[in-house]
There are 2 protein chains.
Amino acid sequence: MGVIEKIRQPRVAARGTVATPEPLPLDSIIRGDCIAAMRALPAKSVDMIFADPPYNLQLGGELFRPDGTHVDAVTDDWDKFDSLKHYDAFTRAWLAEAHRILKDDGTIWVIGSYHNIYRVGAAVQDLGYWILNDIVWRKANPMPNFRGTRFTNAHETLIWASKGEKAKYTFNYRSMKTLNDELQMRSDWEFPICGGQERLKRDGVKVHPTQKPEALLYRILLACTKPGDVVLDPFFGTGTTGAVARRLGRSWIGIEREEDYIAAAEQRIAAALPLDESALATMQSPRAAPKVAFGVLVENAYLTPGAVLTDAKRRFRATIRADGSLLSDCGAIGSIHKLGATVQNAPACNGWSFWHYESDGKLAPIDALRQTYLLATQP
Amino acid sequence: MGVIEKIRQPRVAARGTVATPEPLPLDSIIRGDCIAAMRALPAKSVDMIFADPPYNLQLGGELFRPDGTHVDAVTDDWDKFDSLKHYDAFTRAWLAEAHRILKDDGTIWVIGSYHNIYRVGAAVQDLGYWILNDIVWRKANPMPNFRGTRFTNAHETLIWASKGEKAKYTFNYRSMKTLNDELQMRSDWEFPICGGQERLKRDGVKVHPTQKPEALLYRILLACTKPGDVVLDPFFGTGTTGAVARRLGRSWIGIEREEDYIAAAEQRIAAALPLDESALATMQSPRAAPKVAFGVLVENAYLTPGAVLTDAKRRFRATIRADGSLLSDCGAIGSIHKLGATVQNAPACNGWSFWHYESDGKLAPIDALRQTYLLATQP
DNA sequence: AGCACTCATGAATCGGAAA
DNA sequence: ATTTCCGATTCATGAGTGC
């Protein structure tokens with residue numbers, strides 16, 4: 001359980017409703033097959049799904065490094081499918097259940113490599129999901145191509161999709177921009193592969209062959225969920241999703257059928273410390289610059305009513321009025337944004353960058369005055 | 001025409017064969033629909049196909065920047081498809097023709113974004129192609145997400161595939177490693193989007209909405225073709241593929257139906273200067289050292305029959321015999337590679353790096369002697 | 001403690017020609 | 001088709017060891 005109250009419980013799980021499906025098994029691992037387990041969950045009940053399905057690698061023989069050592073590949077049965085057809089059927093089955101379980105404003109993330117991601121992406125689209133982005137996880141330290149026969153396979157792909165073209169969804173734009181040093185977060189992310197202390201081992205052997213780095217889930221949950229949201233991971237493995245969800249004050253549900261993985265996941269998540277509420281609030285909307293109305297600059301005498309603003313090329317002129325509205329030469333009146341759009345005959349306009357004031361014979365955007373005001377007034 | 005002789009003409013185009021299909025229209029643009037044009041080309045006749053198909057963007061309304069300027073999105077008629085079904089049918093049709101036209105040891109490259117690449121990738125696999133890598137083109141200067149509703153879409157994806165799982169293909173490993181500062185070339189490439197002098201414009205308006213940077217094609221052609229190879233681009237546009245192919249001494253065939261694009265492409269390619277043969281040779285196989293048999297070192301007295309080699313830790317010993325074979329202490333006999341594998345009980349071994357000789361009390365790999373020999377004998 | 005060095009290892013569709 | 005043999009081939013990171 002995270003530290004944040006679960007205030008967004010699905011209605012279907014509330015007491016006293018006529019239909020009384022199972023309440024959501026929050027913050028716990030469901031044992032068993034992922035499709036069967038998802039069928040038992042109520043419709044429109046989770047805010048986000050993160051899925052790391054089998055990749056269907058279809059590896060051939062053994063592979064040795066140039067120094068003769070053996071490469072420990074993914075040979076687990078859960079990654080084996082008889083054919084692309086079988087893999088497609090499996091993929092469509094679990095993606096369809098996921099669509100049913102997702103709230104209408106929920107989103108899904110799926111990770112894969114070139115072996116399977118095209119099957120997954122096509123199924124996602126066919127099932128009516130609407131792809132919002134695909135994201136490239138660039139591995140800082142990938143395994144080389146030992147035989148020198150191809151390019152080093154140095155990335156994996158994630159697909160982020162909403163339930164449909166018109167569906168709403170959560171995207172914490174400010175959090176991402178802050179995380180990326182005040183530049184928009186791009187669709188290519190770099191992380192090291194999971195190793196070191198984070199990599200779960202038992203008797204020196206990795207517990208799970210494909211454990212994902214927590215940094216990856218951290219960014220995803222921070223970007224696309226709110227505190228208290230419910231995150232489902234149908235291929236839970238050793239519980240990276242659960243551990244990060246708990247740290248970030250999100251609820252989680254895992255589905256897993258291998259007892260070894262479940263045991264490791266439970267121990268790991270129990271040890272994950274939730275961040276305190278104030279830290280979460282900070283991350284939710286960090287450094288969100290306080291909004292300044294244009295009128296405040298007038299009130300504070302940064303600009304004087306009656307003064308004239310122009311665009312950068314002095315094609316358009318407008319007079320400042322006492323309430324912070326503008327009056328153009330042609331008689332139109334409006335806010336800095338509205339009037340900027342009107343005079344340009346454009347559908348929209350950012351008045352802060354469009355309108356300029358004159359100072360020492362030079363034109364500067366009024367946004368510069370806003371910055372000056374912020375610097376003078378912020379603690 | 002590149003400067004390199006076309007020595008790999010398809011046999012079907014040779015004179016005097018019973019079946020006399022059209023000879024390949026090398027270094028020219030075929031006017032018309034890409035599927036129809038491909039049907040007229042002979043089977044197994046081209047070495048590589050680069051395809052930049054319509055992206056099926058299905059943009060809704062118009063898009064404006066925050067400053068009100070219009071974003072010239074891809075709204076041309078050729079990029080509209082009624083549905084995913086139509087797009088899939090189109091994709092499978094041209095990919096099937098491409099498969100027929102490709103030589104058995106040829107490869108195909110297709111570029112796309114999340115709007116279409118999953119359709120393309122699934123079709124590629126369904127048609128029997130074997131994906132070798134997917135490559136991420138990270139745009140150094142992508143267009144921001146103006147509305148702040150998603151991650152900046154900062155990459156496009158390329159799929160590289162052979163004709164089948166067992167098919168051979170060209171991959172100039174050394175060229176790529178050299179190009180990447182002596183590290184293996186990874187699957188994530190960074191280039192700026194096409195702009196500046198390279199961007200074709202007419203009356204200040206860009207001729208083609210999605211002109212690809214030449215650097216992208218340069219790397220692809222350098223990696224996966226040989227001088228004189230025939231490269232087909234079924235969505236030729238303004239001819240980036242042709243311009244780079246000519247510079248690199250490859251032959252090219254373009255298919256395009258828009259006369260405006262054809263005119264721009266022809267002018268552009270005519271201005272592209274082919275590199276001279278020596279420059280191409282260097283890039284083709286840089287530092288490709290001639291092979292030296294171990295026995296040659298013995299013949300030339302770099303090592304003496306009867307001398308003893310060991311591994312780096314002196315765990316294993318072997319005596320050099322007059323014919324260049326080795327005799328281990330336990331009585332096994334074999335080549336430097338074979339005996340190295342035998343004594344280590346390993347499936348394979350590079351004898352050049354495994355076996356060491358002693359010089360001034362220090363051990364050095366016998367590969368050092370090979371280098372010395374090469375330096376002494378190469379002009 | 002700190003540095004230098006060795007060694008292990010990670011979602012991998014990983015050879016090809018001659019006999 | 002199968003086998004044999006030759007020869008080409010790795011980057012970043014962390015843990016462990018030794019000085």
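Note on naming: letters A, B, ... go to the chains in the order of the sequence lines (proteins, then strands), and numbering restarts at 1 for each one.
With sequence neighbours left out, E259(A) forms a side chain to side chain contact (heavy atoms under 4.5 Å, CB included) with R31(A), I262(A). With sequence neighbours excluded, the residues satisfying side chain to side chain contact (heavy atoms under 4.5 Å, CB included) with K80(A) are D77(A). Considering only residues two or more places apart in sequence or on other chains, D134(B) meets the side chain to side chain donor-acceptor pair (under 3.5 Å) condition with Y118(A), H155(A). For D126(B), the side chain to side chain contact (heavy atoms under 4.5 Å, CB included) partners two or more places apart in sequence, or in a different chain, are L84(A), R119(A), R92(B). Under the rule for a side chain to side chain contact (heavy atoms under 4.5 Å, CB included), the partners of L369(B) that lie at least two apart in sequence or sit in another chain are L297(B), Y302(B), L303(B), Y357(B). By the side chain to side chain donor-acceptor pair (under 3.5 Å) test, E190(A) pairs with R138(A), sequence neighbours left out.
Residue whose closest nucleotide on DNA chain D sits further toward the 5' end, between M143(A) and G195(A): M143(A). Place Y55(A) and F146(A) on DNA chain C by their nearest nucleotides, and Y55(A) ends up nearer the 5' end. Closest-nucleotide positions on DNA chain C for N56(A) and I193(A) were compared, and the one nearer the 5' end corresponds to I193(A). Residues K338(B) and P144(A) both approach DNA chain D. Their nearest nucleotides, taken by heavy-atom distance, put K338(B) toward the 5′ side.
Side-chain rings of W94(A) and F235(A) approach one another, their centers coming within less than 6.0 Å. In this structure, the ring of H70(A) has its center less than 6.0 angstrom from the ring center of F64(A).
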inquiry  = Only Watson-Crick and G-U wobble pairs with both distances less than 3.5 Å should count. Give DNA chain D in dot-bracket notation, marking inter-strand partners with |.
reply    = .|||||....|||||||||

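Per the geometry, CE belonging to M185(B) stands 16 Å off P belonging to dT9(D), to the nearest Å. Distance NE2 (H337(B)) to P (dG16(C)): 17 Å, rounded to an integer number of Å. The OH-C1' distance, from Y169(B) to dG16(C), rounds to 12 Å in whole Å. Distance N145(A) CG to dA11(C) P: 16 Å, rounded to the nearest Å. Atom CZ in F64(A) sits roughly 14 Å away from atom C1' in dG15(C) (whole-Å rounding). To the nearest angstrom, P of dG10(C) lies 15 Å from CD of E62(A). Taking atom CZ on F171(B) and atom C1' on dG15(C), their separation rounds to 14 Å, with Å as the unit. Taking atom NE2 of H115(A) as the reference point, atom P of dA12(C) lies 8 Å away to the nearest angstrom.
Within residues 134-142 of chain A, the residues having any heavy atom closer than 4.0 Å to DNA chain C are, in order of number, N141(A), P142(A). A heavy atom lying under 4.0 Å from DNA chain D marks the following residues of residues 196-204 of chain A, by number: G196(A), Q197(A).
OP1 and OP2 of dT9(D) both lie 4.0 Å or more from every side-chain N or O belonging to K177(B). The phosphate of dT9(C) (OP1 or OP2) has no side-chain N or O of K206(A) nearer than 4.0 angstrom. For R147(A) and dG15(C), the shortest distance from a side-chain N or O to OP1 or OP2 is below 4.0 Å.
Using modelled atom types, one finds a donor on one side chain and an acceptor on the other under 3.5 Å when comparing H115(A) with S113(A).
In this structure, G112(A) reaches neither bases nor backbone, as no heavy-atom distance under 4.0 Å exists between it and the strands shown. Here K212(A) lies in heavy-atom contact (under 4.0 Å) with a base. Within 4.0 Å of D52(A), counting heavy atoms only, lies at least one base atom of the nucleic acid. Counting non-hydrogen atoms under 4.0 angstrom, I131(B) reaches a base of the nucleic acid. Note on S335(B): only backbone sugar-phosphate atoms sit closer than 4.0 angstrom, heavy atoms only; bases stay farther off. Looking at heavy-atom distances under 4.0 Å, D72(A) makes contact with sugar-phosphate atoms alone, never a base. Using a 4.0 Å heavy-atom cutoff across all strands shown, P213(A) reaches no nucleic acid atom at all. Within the 4.0 angstrom heavy-atom criterion, only backbone atoms of the sugar-phosphate kind lie near N153(A); the bases stay farther away. Within the 4.0 angstrom heavy-atom criterion, only backbone atoms of the sugar-phosphate kind lie near L183(B); the bases stay farther away. At a threshold of 4.0 angstrom between heavy atoms, the contacts of T210(A) include nucleobase atoms, whether or not backbone atoms are also involved.
No salt bridge links D67(A) with R65(A); every basic N to acidic carboxylate O contact stays at or beyond 4.0 Å. The pair D105(B)-K103(B) does not meet the salt-bridge criterion, since no charged nitrogen lies less than 4.0 angstrom from a carboxylate oxygen.
The separation of dA15(D) from dA11(C), taken at their C1' atoms, amounts to 23 Å, rounded to a whole angstrom. Rounded to the nearest Å, the gap between the C1' atom of dA12(C) and that of dC5(D) is 25 Å. One P atom belongs to dC14(C), the other to dA12(D), and the distance between them is 23 Å to the nearest Å. Comparing the P positions of dA8(D) and dT9(C) gives an interatomic distance of 28 Å, to the nearest angstrom.
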When the side chains of residues 156-164 of chain B are checked against the rest of the protein, which donor-acceptor pairs come out under 3.5 Å, sequence neighbours left out?
from	atom 1	to	atom 2	distance (Å)
E156(B)	OE1	Y55(B)	OH	2.5
E156(B)	OE2	K139(B)	NZ	2.8
W160(B)	NE1	T107(B)	OG1	3.1
S162(B)	OG	G164(B)	O	2.9
K163(B)	NZ	H99(B)	O	3.0
K163(B)	NZ	L102(B)	O	3.0
K163(B)	NZ	D104(B)	OD1	3.4

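Listed candidates were dG16(C), dC14(C), dT9(C). Nearest to the side chain of R65(A) is dT9(C).
For the salt bridge (Lys or Arg N to Asp or Glu O under 4.0 Å) condition, the pairs that include at least one residue of residues 260-269 of chain A, sequence neighbours left out, are E214(A)-R268(A). Applying the salt bridge (Lys or Arg N to Asp or Glu O under 4.0 Å) test to residues at least two apart or on different chains, the pairs with a partner in residues 327-346 of chain B are R317(B)-D329(B).
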